Amino acid sequence: MSALTSRRSAASALRFGRLAAMGTVAALILIAGVWASWGTAQHVMLTKGRERGTMTVQACADDRCTGPYTPASEGSRARDRVTIQSTVVAKKGQTYAVVVKPGSDDVVRTGPGGVLYAWVPLGGALLLASVVVAGGLRLTRLAWVLGGAGLALLTAAFVAL
């Protein structure tokens, strides 16, 4: 009887270890997704007190587009040249609402498209975490919810931009 009891306790310990390890991995993936997204999202979502205006795209090279900045908020100053990631802006000659990152001439797009684009790393993290949750934790319903949320976020960002 004692061999059976020790075998059951060993199986329980291994199961708990697997759940703890995979739960930690899934949580770290999601935390990393939020961390990566927040670097841009804070500028897009918390615009009070930031320089807001518009940017007209004049030239794009590599992964950056440049153009003049026209202020729209009080205390903002006009700039001859600001830069934005070209994955956010695709069309030369278009004007976009932007927020200037403090202490730089880099801008990020605002509005629904900018918010969704800022959270794209979280969308990827949700997709990755869904695989860990399904395989490591064997929580398939939660995995489908995480994967669906990630896919919805990535699709919405793609459509909005």
Side-chain angles (χ1 to χ4, degrees), residues 21-137 139-161:
M22 290 297 108
T24 302
V25 169
L28 286 174
I29 290 169
L30 292 175
I31 289 168
V34 170
W35 185 273
S37 296
W38 188 246
T40 301
Q42 67 178 321
H43 302 295
V44 177
M45 296 174 69
L46 305 173
T47 60
K48 187 175 181 179
R50 300 195 192 270
E51 293 185 69
R52 294 181 306 255
T54 58
M55 174 199 179
T56 304
V57 178
Q58 286 184 339
C60 291
D62 298 325
D63 63 340
R64 310 291 283 167
C65 290
T66 59
Y69 169 79
T70 306
S73 64
E74 201 171 303
S76 183
R77 63 178 175 83
R79 292 174 170 84
D80 293 332
R81 180 179 167 164
V82 292
T83 59
I84 192 168
Q85 289 182 342
S86 64
T87 54
V88 178
V89 180
K91 298 184 180 169
K92 187 176 174 184
Q94 291 284 353
T95 301
Y96 297 96
V98 295
V99 170
V100 179
K101 288 184 177 182
S104 72
D105 285 332
D106 291 336
V107 296
V108 291
R109 189 170 167 182
T110 60
V115 171
L116 289 169
Y117 179 75
W119 290 104
V120 162
L122 177 62
L126 285 166
L127 285 174
L128 183 58
S130 73
V131 174
V132 173
V133 168
L137 297 175
L139 298 172
T140 54
R141 287 185 185 149
L142 179 59
W144 277 108
V145 169
L146 291 173
L151 185 62
L153 178 57
L154 294 174
T155 303
F158 177 76
V159 169
L161 292 176

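This structure is a prediction, so every number in the text was calculated from the model and none was measured. Side-chain atoms are counted along with the backbone in the values below, which use heavy atoms only and exclude waters and symmetry mates.
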What are the two closest heavy atoms between [X] and [Y], and how far apart are they?
{"X": "Ala160", "Y": "Leu116", "value": "CB-CD1, 3.8 Å"}
{"X": "Gly33", "Y": "Ala125", "value": "CA-CB, 3.7 Å"}
{"X": "Ala36", "Y": "Pro121", "value": "CB-CB, 3.8 Å"}
{"X": "Ser130", "Y": "Leu146", "value": "CB-CB, 3.9 Å"}
{"X": "Ala26", "Y": "Val133", "value": "CB-CG2, 4.0 Å"}
{"X": "Ser73", "Y": "Arg50", "value": "OG-O, 3.6 Å"}

What's the verdict on side chain to side chain contact (heavy atoms under 4.5 Å, CB included) for Leu142 and Leu137, showing C-alpha distance, side-chain angles and the deciding distance? CA-CA 10 Å; Leu142 179 59; Leu137 297 175; 5.8 Å; no
Verdict with supporting geometry, Val120 and Leu153, side chain to side chain contact (heavy atoms under 4.5 Å, CB included): CA-CA 7 Å; Val120 162; Leu153 178 57; 5.8 Å; no
Drop me the distance from [X]'s [atom1] to [Y]'s [atom2], to the nearest 0.5 angstrom.
{"X": "Ile84", "Y": "Tyr69", "atom1": "CD1", "atom2": "OH", "result": "11.5 Å"}
{"X": "Lys101", "Y": "Thr83", "atom1": "NZ", "atom2": "OG1", "result": "8.5 Å"}
{"X": "Leu46", "Y": "Trp38", "atom1": "CG", "atom2": "CH2", "result": "4.5 Å"}
{"X": "Arg52", "Y": "Glu74", "atom1": "CZ", "atom2": "CD", "result": "10.0 Å"}
{"X": "Leu30", "Y": "Leu122", "atom1": "CG", "atom2": "CG", "result": "7.0 Å"}
{"X": "Thr40", "Y": "Trp119", "atom1": "OG1", "atom2": "CH2", "result": "10.0 Å"}

Is there a donor-acceptor pair under 3.5 Å between the side chain of [X] and the backbone N or O of [Y]?
{"X": "Ser76", "Y": "Ala72", "value": "no"}
{"X": "Glu51", "Y": "Arg77", "value": "yes"}
{"X": "Thr110", "Y": "Ala97", "value": "yes"}
{"X": "Ser37", "Y": "Val34", "value": "no"}

A side-chain contact here means heavy atoms from C-beta on lying under 4.5 Å apart; do Val98 and Val82 qualify?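 No. Closest side-chain heavy atoms not under 4.5 Å.
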Quick one, Cys65 and Lys92 - any side-chain contact, counting heavy atoms below 4.5 Å?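 No, every pair of side-chain atoms sits at 4.5 Å or beyond.
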Can you confirm whether Arg64 is buried at CZ, in the sense that more than 12 heavy atoms of other residues, nucleotides or ligands lie under 6.0 Å from that atom?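 Counting other residues, nucleotides and ligands, CZ of Arg64 exceeds 12 neighbours.
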Could you walk me through whether Val100 and Asp105 pass side chain to side chain contact (heavy atoms under 4.5 Å, CB included), step by step? CA-CA 7 Å; Val100 179; Asp105 285 332; 5.6 Å; no
